[in-house]
Student: 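First, the structure itself, so that you have it in front of you.
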Amino acid sequence: MPLPPHVPVLIAGGGPVGLTLAALLAEYGIASLTVEADDGYCTGSRAICMSRRSQEILGWVGADRPLMATGLAWTGGRSYFRDHEVLHFEMPHDPSQRYAPMVNIQQYRVEEYAHQAMQRHPGLAALQWTARAVGLRTEPDGVSVEIESEGKRQTVRADWLIACDGGRSSVREAMGLKLEGMQYEGRYVIVDIEQESQRPVERLAWFDPPSNPGSTLLMHRQPGNVWRVDYQIRDDEDPDEAVKPENVLPRVQSHLDMIGETAPWKPLWISIYNAKCLTLDRYRHGRVLFAGDAAHLVPIFGVRGLNSGLDDAGNLAWKLAWVLKGQGPDSLLDSYSVERVHATRQNLAYGAKSTEFMAPPDFGFRLMREAALRLALVDSGVRPLINPRQSAPISYDGSPLNLGDGAQQSGDAAAPGQPAPDVLFLDGGAPRYLSASFGAGFVALALSPGAALSAELDALAAATQSAPHPLRVLRAGADGLQDTHGQLRLRYGSAAETVYLLRPDGYVLGRWTAPAAAVLRAALAPYYPCVSPAPTQKRQA
Ligand SMILES: Cc1cc2nc3c(=O)[nH]c(=O)nc-3n(C[C@H](O)[C@H](O)[C@H](O)COP(=O)(O)OP(=O)(O)OC[C@H]3O[C@@H](n4cnc5c(N)ncnc54)[C@H](O)[C@@H]3O)c2cc1C
């Protein structure tokens, strides 16, 4: 099929990050073409644990519904040292929350749901299977990308190219860029098996289990009676031998016997994995931006790979949309790189800690881990040390977008640069989540605003009505959204007349108590050129 000669946005790679980005851009009215080298969704053992934040981002394009309907929600897990339980952890959650802390689902299903979300915008989000980006030429105002499809080569000129082409990114290679960081020696066999089980959905880890002495073994349930089993192989084992079914199946059988899972089972996929902590130092190179595994490779322990890739997409989509629609400065895209490189560095630090605990890289680490596990058997105070920290959104400390903190008595959780904590309100008697307002325009959340502040916010919202994604004002207080569960007070404080400006990706831009109109206008003007700052004037209470 002939490809268009020109597109505003070309996405190289239709994996979960590329497809989600295309769907998000389409929601913002931005046309894109995604070229995917394969002829369908991914196969093999890939991501399974999707974080609360990822569910929220997928929710911006309606992909959270099928994910929640099919996925297996979980809230905690157990760790065992030999055959003793040493930890039973729970992730922060309560029944009033919109999403579970984690949902297990196969990566190919995430790709399918993101693709379905794209298909809701047939004129905007195009996908070409079996089309591979094989070369490119960058220019100051765009990129010419050579694409090979059905044995033919065509050149597509894109105003912007987004590299979502995974860990072996051809775009990265064509631009002579290299991921930097380190790779661990320890290797894991990853096996997906099919077996019926009544076991609760939890993250299960065994250190030095009797079934596989000396190894570390993880188990996760997935939809469709599928188990993910990961186990560490000895340093002296040949990885090619280790993945042979005759070596894998007895180890899995031994473990299933140990935990009393007796139903018949069969292997679906067997592969080998070793953890890497790698990143580009910048995710923007002129008109080329990198996202997902093309930008960074994060260890699977702590499940921050795809989860952070979706955060890249959520951060990039609105910024690209604002720049393309002439609503925001080009420097917004520099902030994408600053914020997401910062997030990757944090994710790598957490991922490295988890990896070193799962597969100690040297004798010293091994000794320390054994000491912690032995102590955890008898001393509950030690158990937090062995608690695996699962993926969570990273705060953008030091982001150039953060505005000064002008709030009084406000919750620290919602300071500028932090991911805006969710709140379940009652809106005229109906439940309403704050997070359901993200993924579109900016949001002004006002705590018990007086009449004058309310009027100012209305004037601001009215001034943005002709913008592609107007400002939305949410008022909490006597005549507005009801903080029935006390979550607003806990997470955002209780100082009346406090206004939080929240970014489209659900991060706090700035907050002020009793702000002057000019302060709010100045804060919004970079994103809503129609809102010009008025001369500074103290608002009358
Ligand atoms: C065993 C395992 C378990 C994991 N578990 C988790 C987990 O539980 N949670 C988590 O968050 N992460 C997990 N991950 C990591 C996760 O799988 C990756 O982070 C995720 O796949 C990244 O998505 P992506 O879209 O950036 O890249 P990919 O999924 O690699 O997609 C890239 C796409 O680009 C295509 N492509 C490549 N080159 C080109 C080209 N030149 N032109 C066009 N198309 C191209 C590829 O065919 C592919 O479809 C796991 C990974 C592994 C291996």
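Residues: numbered from 1 along the sequence shown. As the structure is a computational prediction, the values presented were derived from the model and not from experiment. First listed ligand is number 1; within each ligand, the first listed atom is number 1. Scope of the values below: all heavy atoms of this structure, side chains included, with no hydrogens, waters or symmetry mates.
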Student: Using distance only, find each side-chain donor-acceptor pair of residues 177-191 under 3.5 Å and give its atom names and separation, not counting sequence neighbours.
Tutor:
unit_1, atom_1, unit_2, atom_2, d
Y184, OH, E356, OE2, 2.6
Y188, OH, M358, O, 3.1

Student: Show me the pairs that pass salt bridge (charged side-chain N to carboxylate O under 4.0 Å, His left out) and involve residues 11-29, at least two apart or across chains.
Tutor: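 Listed by first then second residue: E27-R120.
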Student: Quick one: list whatever passes side chain to side chain contact (heavy atoms under 4.5 Å, CB included) with D141, sequence neighbours left out.
Tutor: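 Once residues adjacent in sequence are excluded, the partners of D141 under the side chain to side chain contact (heavy atoms under 4.5 Å, CB included) criterion are E139, R157, R287.
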Student: Kindly tell me which protein residues have any non-hydrogen atom under 4.0 angstrom away from an atom of ligand 1, grouped by chain and ordered by number?
Tutor: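 Heavy-atom contacts below 4.0 Å: G13, G15, P16, V17, V35, E36, A37, D38, S45, R46, A47, I48, C49, Q107, A131, R132, A133, C164, D165, G166, S170, I190, R228, G292, D293, I300, V303, G305, L306, N307.
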Student: Run through D334, D505, D281, D312 and flag the one making a salt bridge (Lys or Arg N to Asp or Glu O under 4.0 Å) with R340.
Tutor: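 Exactly one candidate clears the test, D312.
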Student: Evaluate ring pair (Phe, Tyr, Trp, His ring centres under 6.0 Å) for H115 paired with W129, printing each intermediate quantity in order.
Tutor: CA-CA 12 Å; H115 184 204; W129 299 108; 5.7 Å; yes
Student: Salt-bridge test for K244 and E241: reply yes if a basic N is under 4.0 Å from a carboxylate O, no otherwise.
Tutor: yes
